[in-house]
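The block underneath contains the structure these notes are about, expressed in structure tokens.
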Amino acid sequence: FAVVLSLVFVGVQLSRNTSELVASSHYQLQFILNDNDNWFKDPKFAALVIRSELGRAALTDAEYLQLAYWNGQRLSLCENVFERRQDGLIDDQMWYAWSNGCASIAQNETSREVWQERREWFAPDFALWFDKQIDAWLAELAASQPIEALDDGAQLTNENELSPARTTP
């Protein structure tokens with residue numbers, strides 16, 4: 001009977017410790033995220049991020065370096081979240097939120113350029129996951145915009161069907 005009671009006690013302790021680890025992991029990640037967002041206290045940096053939507057050509061070399069460093073921090077945080085998920089320290093609901101936040105990095109053209117330059121700096125399993133996020137974002141973007149220019153003036157619709165050229169009255 002004592003052995004069974006001991007095993008039950010160990011099981012309860014492990015469960016409690018796991019819950020504490022999950023909570024601790026969440027708070028650590030929130031702290032890192034909030035620290036990373038301190039960049040936005042500078043209105044010039046916020047404007048730089050907005051301008052970076054236009055691509056690398058819209059930035060000076062110094063601005064690109066600053067943005068690349070900031071993106072590197074964000075990607076490292078995402079990799080950390082990804083690894084904690086694999087270790088069981090992030091549940092399904094938190095993973096949903098974190099993965100969507102991390103995937104949003106793929107929505108910025110310059111951020112995608114930074115990723116391509118620094119992809120090898122990350123673990124292969126995370127890199128594959130993030131590549132899929134970029135592919136999904138680009139597919140969503142392509143599906144939301146018709147392709148305007150074809151040689152004969154026709155255009156492809158979102159369903160990739162050829163439709164007649166637009167005529168203007």
Side-chain angles (χ1 to χ4, degrees), residues 18-40 42 45-150 154-163:
T18 300
S19 296
E20 289 172 4
L21 280 172
V22 168
S24 175
S25 177
H26 177 71
Y27 291 121
Q28 289 170 356
L29 291 170
Q30 282 300 123
F31 178 78
I32 294 168
L33 178 64
N34 290 338
D35 187 50
N36 186 253
D37 287 344
N38 281 335
W39 287 80
F40 283 101
D42 179 0
F45 183 75
L48 168 65
V49 171
I50 292 169
R51 198 169 67 253
S52 74
E53 294 288 340
L54 302 172
R56 186 175 183 164
L59 307 174
T60 67
D61 288 345
E63 289 172 331
Y64 181 78
L65 183 61
Q66 186 178 25
L67 192 78
Y69 181 74
W70 175 68
N71 269 297
Q73 287 181 328
R74 293 171 69 207
L75 289 164
S76 291
L77 173 62
C78 291
E79 182 179 36
N80 190 314
V81 170
F82 182 84
E83 290 171 356
R84 289 177 191 220
R85 169 68 175 172
Q86 290 181 319
D87 293 341
L89 297 176
I90 296 180
D91 65 22
D92 291 343
Q93 291 181 355
M94 291 308 301
W95 174 243
Y96 176 80
W98 277 104
S99 65
N100 284 326
C102 290
S104 72
I105 296 171
Q107 296 174 9
N108 179 290
E109 182 178 334
T110 303
S111 296
R112 291 191 304 271
E113 290 180 45
V114 170
W115 170 250
Q116 292 306 318
E117 289 176 5
R118 299 181 177 196
R119 185 184 185 283
E120 299 301 317
W121 296 9
F122 297 89
D125 55 347
F126 172 75
L128 289 173
W129 176 82
F130 196 72
D131 285 341
K132 288 179 184 177
Q133 304 313 301
I134 291 173
D135 292 344
W137 165 250
L138 293 175
E140 182 180 319
L141 184 64
S144 69
Q145 298 176 355
I147 299 173
E148 293 293 333
L150 293 176
Q155 70 180 149
L156 291 175
T157 64
N158 290 342
E159 295 78 29
N160 294 327
E161 297 171 356
L162 196 58
S163 66

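All heavy atoms count here, side chains included; hydrogens, waters and symmetry mates do not. Keep in mind that what you see is a predicted model, and the values were worked out from it rather than measured.
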Nearest 0.5 Å please: distance from the CG atom of Leu54 over to the CG atom of Asn108. 9.5 Å

Is the distance from the ring center of Trp115 to that of Trp137 below 6.0 Å? no

For Glu63 and Thr60 the tightest heavy-atom approach is OE1-N, 2.9 Å

Less than 4.5 Å apart, side chain to side chain, heavy atoms only: is that true for Glu83 and Ile90? no

Side-chain touch Trp70/Val49, heavy atoms, less than 4.5 angstrom: yes

Which atom names give the shortest non-hydrogen contact between Ser52 and Leu67, and what distance separates them? CB-CD2, 3.4 Å

Distance from Cys78 atom SG to Trp98 atom CH2, nearest 0.5 Å? 7.5 Å

Atom pair CG/CG of Leu65 and Leu59 - distance to nearest 0.5 Å: 11.0 Å

What class does the angle between the rings of Trp95 and Trp129 fall in, given that below 30° is parallel, 30 to 60° is tilted and above 60° is perpendicular? tilted

Check this for me: Asp61, atom CG, are more than 12 non-hydrogen atoms of other residues, nucleotides or ligands nearer than 6.0 Å? no

In the structure I gave you, are the side-chain heavy atoms of Asp92 and Tyr96 within less than 4.5 Å of one another anywhere? no

Spatial distance of atom CD1 (Ile105) from atom OG (Ser111) [nearest 0.5 Å]: 7.0 Å

Working to the nearest 0.5 Å, report the span between CZ of Arg85 and CE of Met94. 11.0 Å

For the residue pair Phe126 and Phe130, does the interplanar ring angle fall in the parallel (under 30°), tilted (30 to 60°) or perpendicular (over 60°) class? parallel

Distance check, rounded to the nearest 0.5 Å: Arg119 atom CZ versus Asp131 atom CG? 4.0 Å

